[in-house]
Structures are given as C-alpha cells and as structure tokens.
Engineer: 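Just passing along the structure, written as structure tokens.
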Amino acid sequence: MAKATTSIRRQLILMVATVLIVINAVALWSVHIYANRAAKESYDRLLYGSALQMAENINILDSQYFIDLPVSAFETLALSASDRAFYSIMNGQYQVLTGYKDLPNIPFTQLLQQSSEKEKFIPIYYEAMYRDEMVRFVALGKRLLEGDSVNDVFIIVGQTLDARRAAATEISQMALQFVTLFFFITLLLLLFVIWRVLQPLQTIKQAITERSSQELSPLDANVPSEIAPLLKSINYFMAQLDSTLNRLKRFTAEAAHQIRTPLAGLNSQAQNAIDETDEMLRQKQLQHILESSNLLTNTVNQLLSRATLTHRYQSHPFSPVSLDYVIKETCRDLVVWALEREVEIEYVGDIKATINGDEFALKQMLQNIIENAIKYSPKSGVVEVELMIVFEQSVPLIVLQIRDQGVGVSDQDKEHIFEYFYRSPDNFASGSGIGLSIAKDVAEHHDARFHLKDNQPTGLIVEVIFPQRKGLSYEG
Amino acid sequence: MKVSCLLGLGLFLVSRMVFADAVPQDSYIAFPSLNKQPKYQGDVLAIYGAVNHQAIEPLFRAYQEKYPNVAIHYTESNTRHLYEQFISQPNIRPDVMLSPAMDLQFKLANDGYALAYNSPELVNVPKGSHWRNELFGFTYEPIVTAINSDILTGDELPQSREQLLNLIRNKNHLLDDKMGLFNIEQSGLGYLTWAYDGQQSRSYGRLLEAFGRHQARLYTDTSSMLNALLKGQIFIAYNLVGAYSYKWSQQYEWIKTIMPTDYTTIIMRTAFIPRDAKQPILAKRFIDLLLSSEGQHVLANQSGITPISTKVKGPYSRDELSKLPHGIFRPIPLGLELLIQTDDAKKQLIYHEWDNAMFAEPNNLSQ
C-alpha cells in the first residue's frame, strides 16, 4: 500500500496563506508608516499656517511692536479639536512680547543663524515636553523693517499630538479593515481555485470508485492537460489488466476444455473396454486408455509447471546461472526420450556463459523447446542446440538456437503458436499446446527476445537472445 | 426647609479688597452635610464659582440629596478674581471651578490645570460643549441688554444694536452717566463678551464711542448692574447675562430684557476639576450631576439658568429660550479660539481702545 505524503491541498493552502499573511503584513506596516507621515505633514502644515497668520499681524511702528493676532490663527489650531496649543512671540533679544513665557527647547541658534543670513525664514519643527505632554512646535522668524533698522521677531506655535495620533490611527485602522477584508476575500478565492484545480483528481477517484470491479474500459473524463497523462497511464494500466484478465479467462476455459476432452475419451474408452469381449481388442483399448491418460498427465504437468513458474517469478530472485551447463544437462535428460523417437540431439558450441536468472525456469524453457523440436522432427532427424556469441552493433549478445528439421511452421502459425492451447490445424502430433507459450514466458521474464525462424531446407529455428546486462559473462 | 435653616447658619461673608474702585467680594457659603449625627465629620467638596449662589443652590441640594454625607463649601467671586486667585494661590485650589468666563477657564484647562474626566453623562450634552474631557460647558445663556422702558416715552423698544445706537443718539444727554457696562479690565465675563463683540460686528466701534461719550458706568458683576438699573442709577445695561436679567424683568415690568436681533452672543458656564483637587471623586460626582439630565433639569426649572442640554424641559429650557424674540444665536465656541481672548497683546490693544474711549476728557471728545 502506497503511503500518502502531505496532501497537495494542504500544502497549497499553507503556502497561499503564508504568502498572503506576509503580503498583508508588509502592506499594513507600510500603511502605518505612511499614515504617521501623512498625519505629521498635514498637521505640521496647520501649525505653520497658524504661525504665518500670526506673523502677518505683527508690525513695528515708531520702534513699538504692534501685535494684533487674528482669530483665524487660533481657528486654524482649533481644527484639531482635542489638542492643547501654545504660542509665544519674541523679539530678537528673546523677550516674550506676548504668549507663553516658558516654552521649552526654542532653537535659538538656528533662528539666530537664519536671522544673520538675511535670507528668507524657513520654519523649524521640533518636539518637546511641555506641561507634561509631548508638543510639536514650529518656530518661524519674521523680519520687520522700519526705516533703516531691521528687527526680527520669532513666532513659536506648538500643539499636542492627539489629533495627529488620532488621524494616523484612523488611517491605519481603515487600512487594517481593508486589508482584513482583502485577506479573507483573496483567501476564499484561492481556496475556491485550489478546490477547482484539484477537482479533476477527485473526479477520477470518483469515476474509479463508482466502477464495478469487472469494468476495465478506459475512463472517460474531461481533465486538464496536466492531469491527462495520469489518466492516460491509468487507462493504459487498465487496458493491460483487461488483456491479462482476458488471457487468463481464455486460458482457464481452454485448460478446462483440454482436460475434459481426454477425460471424455478416457471415459468412453474405458466403457468400451468393459463392454469388449475380444481380449485382443480389449488389450488395445486399454493401451489407448494408458496413452490418453499419459497425455492428460502431460498436460496437467505442463499446467502445473506453468503455475509453479508464475509463482517462482514472484518469489524467487535471480541468481547467476551457468547457461551452457543447464543446456547440456537438459539435453542429456532428453537424449533417451529422443532416441526412442529415433531423433538425435546435437549440442554445438563451446562457449561458457553465465547470466542472472532462474535456473529452474530456464530449464523448463529449454526442455519445452527441445521437446517440441524432437516431437516435430522426422525419423532419424537431428535437433541442433547451439549457444553462441553474436555481436550486434559491437555489443556481444548470447544467442541460443534450437534447430529441427521438421515441417516447420507457416508464417501464419508463427503469430499464434505462442497462444495457449494453440495447435496448428494440420498438426497431428500429440501435445498440450502450452509448451512454447511457457518457454516464451520464461524468456520474456529474463528480458530475452524469443524468435521463430525457418530452417533450411525445412524446419524451425527457435532463437532466444539474452540481453546484455549486468551479471552476464561469457568466454569462448 | 431644614436645609435652608442650616444654610442661614452656615452663611459667612468674606470680603477682600482687590481693586480700589470696585470691591469684588468673595462670599463664602457652607452647605453642611445632611448627616445629622452629632459631631459628624464628613467630606467637604470645595467649589469656587462665579455663579450666583441662589441660582446654583438647587444644584447643591440635589447633590447633597444624592450624597448626604458630603458638605459643600461654596466660594462665590468675580470671574477675573477667581482666575487670578487660582494662578497665584496654588495651595487653596478648589475641587470644582465654575465660571462663565470661558476664555479664562479655557486658558486654565489648556495650560494643564484641569483633570481629565470622561464623564458617562457626556452623552446628555451636545458635542461642542466640552473640551478634551477637561472643561465642561453646562449652560447655554444669551448675553442681553436690559432697558428701563420708562425712558422710551413712546419710542419703540430697540431690538438690535443699531436701534440701540439710534436710541442713544435720540436721548443724548438724558443717558449721560446713565448706561451700565461691565468693566472689561476687572470682569472676565465682561472682557470675553466685549472682545467677542469686537470680532462680530462693525457696530462695536460706534457703541464704544457712544458709551464713552455718555460716560457709561462700569460694573464688575451682573447683579450690581441690575441693582443700579432697578434704582434708576442707569437706564440701559449692556451685555448682561440673560438669566439674571430675565428674572429681573419678571419681577419689574419696566425692566425690558432684549436679545439683540442682529446677533445674540451665547456663553456657556464651564466647570472643571483642578488637577490638584483634594476630593477628585466627589468633584467627578458633581460634574456627573451637572451634566446629567437630572442636574440639567434642576437648572432649567429651579435655578433659572438655561442648561446646555436640548432634551430637558422646563421654563428656562433651550426650547423656551428660542421662543423669545431673538436674532442669530452666536455661541462662543469652546475651543482654541478662546486663546485669542487671553492674549496679552490683544488685551492691551482692547484696553487701550477702551481707555481712550472711556477715560478721555469730555472736552477732548467734544472737539
């Protein structure tokens, strides 16, 4: 059972949420900075405006200062309704002409510098504690001209910071509300998008779950191009499974049929033998029964060996096998049986080759091929078994050939000969019809190529070409 | 009834010579606690105010009915004197300061002398009637002109400043020495209303000139001015507090009170708790009562002072006030605008103008 790794959905949500939080935090932070700056600038302007209005109403006449502060200067300050305000007007000798007499931290040096430079006065902003509260001040100079004398006065206006803070907080809070709303809306949209994107996977799952276990036809679902390969793979896999299952079904049916036919024959022959009075004929019939039962045994053995092989494929790992040794041994085992049929087995070649494989399976394969070759050989025919090295594009390959001198196989039959229980219509030799199929299975299990060729002048060549891979060695 | 008996017992008068020509009296009245146990020593709430003690007394009674163990010591004084005393004698500050001189009260609050108190009763009063939760306006009073109608002799009662100027012109020497004004140099309220007139209209200059030419008499408080009007020492009293003048008009039908129809200045009496109040909790309760619908109701029904709240009903409510003939109501804003009234340079300018008009030799004027 495959173990599920962290869900894609969760990863996506986590990433999206993280990105959103980071973006929103940065946005809030910058809004906070902006809000403070905006509030500071706008209220500084009010302060400056107020100082300017005061400055405008300060005049000098006969060396007497004439100060008539306008209400508008204070109305400007009153725009920040909940702030205290302080002001002071001083002459060049820092004597307070009117207003508060104890304002702190007045930047006299800067004012004096501006005063001596005879340039236009520019406002100086500063903050200081006054009467237990932080106060933002603006200091502004004004040049008063009377005749040849120049007198400078300084206007200092200050205000507490409540309105600025309130304005900054208001902007920040509005931003916070907006960002929160934005955050949730984007999150919802993204959640929807994620759900939408992952929907095809869900659809496929649903389609598979809803199917009966028998149904292996391709899934038909509209999926995005990214998911299509997955669907294709699933469909390919299902097609494979389908064909395997079909083969298995056919095999089971054929096997049952193959066993039933000899059994029916056995049954009727046995019945005949019971009814037969002539001892000679009965002997003959009993002989037939024996032959039929041998044939049946053979078929069952083949089936069993195939089952065993299938089992071995799954349970037995490969190990180094000396191919030449196995071939020779198999030939030795079959030579007596061959001679009974007046057929000779001839082992050609003197190379030694070791491959990674299953010895038992390989032996089965060889046995089936050679038996088949003997079976179809004419009397006093020769079955040649050869192991050789062939270079294909300078890659050495181990090639095994089993050649007989029988009637051969027509090209049409070559296509079907590996199907289970296939027997050529004009084949009269006894056989189960699964020997070559098993041989081919084994070859393919070893990644070997399995070919059928025509022998000259007549006959069949079965060729098994083992692939070049690790664990393979040869000499010769 | 018991209360008023005790009132009589606790009445003291403290006199203090502050000015040579005017004698602002600090009248000190004690309202003992309602707790009758012998030798009971309760808390004392000290209130300094420029509010007539008869007008404010119903409010004190309402307070003591709520908090019977508290005694109230009320010191009544002239607005400017209250302010100067507050600055110059930091060790005898009260628990509550009440005054109609909005500029002086505002200056004290702006300079950080007031205790911030977020009273739950602020919901009862309009938004602009308090500043920073430190200074609380609790009344809404027109500044009026009172005229002895006997001098009209058939002429129309003047309704605006313009008509008043016409009347003065017509009566001419009949009004010499027969008009009353606040001495702006000694009365905070007088200065506030006069300076505000200066901001509002062009008739201000001509009024000043007319008052100067006819040697108007100067007073430091409303009641002495109304007394003079009653006794026939003056025929016209300009810029009075409406509440007192209307009361006089009810009693004496020849005294007519008019709210000038060109504009009527509205002032608020304000209260604050000094930061160094000895009984801040009692003071806060007093502010609560002052702003509560109950306190506002007392003002509108018993004190004869129009309260700031628009919701309360009564003979002196804002509803009733707006039924009287009047022009545009111009409330003096309770805010930083008031700082201009406390500006020394501005004050010197106004004083200078005032002195030139009031104290010039009549010969010079006639030239």
Side-chain angles (χ1 to χ4, degrees), chain A residues 43 46-47 49-51 53-55 57-61 64-91 95-104 129-135 153 155 157-163 165-166, chain B residues 87 90 102-103 105-118 122 126-137 192 194-201 204 265 272 274-276 330-353:
Chain A
Y43 281 95
L46 286 183
L47 215 53
S50 176
Q53 290 173 64
M54 289 185 187
N57 288 276
I58 302 170
N59 291 295
I60 196 160
L61 194 70
Q64 284 283 307
Y65 291 104
F66 183 81
I67 304 169
D68 186 9
L69 299 183
V71 193
S72 58
F74 292 91
E75 282 170 342
T76 308
L77 291 175
L79 291 175
S80 31
S82 62
D83 278 309
R84 301 178 199 284
F86 311 100
Y87 68 98
S88 186
I89 292 161
M90 299 176 168
N91 63 14
Q95 288 167 323
V96 175
L97 302 174
T98 186
Y100 286 78
K101 294 186 168 51
D102 55 349
L103 295 184
M129 282 297 280
Y130 182 57
R131 294 183 186 249
D132 298 338
E133 269 189 81
M134 190 53 88
V135 181
V153 286
I155 300 109
V157 185
Q159 199 158 27
T160 52
L161 309 175
D162 286 13
R165 287 186 189 131
Chain B
I87 298 288
M102 298 166 72
D103 51 345
Q105 295 274 89
F106 184 84
K107 175 97 163 102
L108 290 177
N110 188 56
D111 292 0
Y113 291 113
L115 183 75
Y117 172 47
N118 193 5
L122 280 173
K127 220 174 154 236
S129 72
H130 57 95
W131 185 75
R132 268 184 79 109
N133 296 340
E134 289 177 8
L135 190 59
F136 308 97
L192 172 68
W194 185 252
Y196 192 66
D197 276 346
Q199 292 172 20
Q200 297 301 314
S201 89
Y204 156 87
T265 307
F272 73 87
R275 265 193 192 174
D276 38 15
R330 282 269 167 81
I332 300 177
L334 186 62
L336 285 168
E337 297 93 331
L338 287 169
L339 273 188
I340 183 78
Q341 319 286 23
T342 63
D343 181 66
D344 286 335
K346 186 80 174 178
K347 199 172 278 177
Q348 291 314 317
L349 289 177
I350 291 176
Y351 281 1
H352 186 68
E353 237 175 2

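Numbered from 1 within each chain, the chains take letters A, B, ... in sequence-line order. Worth knowing before you read on, the calculation uses all heavy atoms, side chains too, and leaves out hydrogens, waters and symmetry mates.
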Engineer: For residues 106-116 of chain B, give me every residue with a non-hydrogen atom less than 4.5 Å from any non-hydrogen atom of chain A.
Structural biologist: B/K107, B/A109, B/N110, B/D111, B/G112, B/Y113
Engineer: Can A/Q53 and A/T76 be counted as having a side-chain donor-acceptor contact under 3.5 angstrom?
Structural biologist: yes
Engineer: Hey, is A/D83 close enough to A/R165 for a salt bridge, meaning N to O under 4.0 Å?
Structural biologist: no
Engineer: Is there side-chain contact between A/V157 and A/M54, with at least one heavy-atom pair below 4.5 Å?
Structural biologist: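 With C-beta onward as the side chain, the pair touches.
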Engineer: Under 4.5 Å heavy-atom distance to chain A, tell me which part of B/L349 shows up: side chain, backbone, both or neither.
Structural biologist: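 Just the side chain, heavy atoms under 4.5 Å.
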Engineer: For the residue pair A/L69 and A/F74, establish whether any side-chain heavy-atom pair is separated by less than 4.5 Å.
Structural biologist: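 Yes, at least one pair of side-chain atoms sits under 4.5 Å.
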Engineer: Answer with side chain, backbone, both or neither: which region of A/A81 has an atom nearer than 4.5 Å to a non-hydrogen atom of chain B?
Structural biologist: backbone
Engineer: Looking at side-chain heavy atoms only, is the closest gap between A/Q159 and A/L46 below 4.5 Å?
Structural biologist: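 Of all side-chain heavy-atom pairs linking A/L46 with A/Q159, none is under 4.5 Å.
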Engineer: Is A/Y65 close to chain B through its backbone or its side chain, or both, or neither, when contacts mean heavy atoms under 4.5 Å?
Structural biologist: neither
Engineer: What part of A/S72 gets within 4.5 angstrom of chain B, counting heavy atoms only: side chain, backbone, both, or neither?
Structural biologist: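 Neither part; nothing is under 4.5 Å.
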Engineer: Consider side-chain contact (heavy atoms from CB on, under 4.5 Å). Of B/D344, B/D343, B/T342, which one does B/K346 pass it with?
Structural biologist: B/D343
Engineer: Could you check whether the rings of B/W194 and B/Y204 sit parallel, tilted or perpendicular, using 30° and 60° as the cut-offs?
Structural biologist: tilted
Engineer: Does any heavy atom of chain B fall under 4.5 Å from the side chain of A/D68, the backbone, both, or neither of them?
Structural biologist: both
Engineer: Above 12 or not: heavy atoms from other molecules or residues under 6.0 Å from NZ of B/K127?
Structural biologist: no
Engineer: At a heavy-atom separation under 4.5 Å, does B/Q199 approach chain A through its side chain, its backbone, both, or neither?
Structural biologist: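 For B/Q199, side-chain heavy atoms alone lie under 4.5 Å from chain A.
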Engineer: Sort B/Q341 into side chain, backbone, both or neither according to what part of it lies under 4.5 angstrom from a heavy atom of chain A.
Structural biologist: neither
Engineer: Output all residues satisfying ring pair (Phe, Tyr, Trp, His ring centres under 6.0 Å) with A/Y130, sequence neighbours left out; order by chain, then residue number.
Structural biologist: A/F86
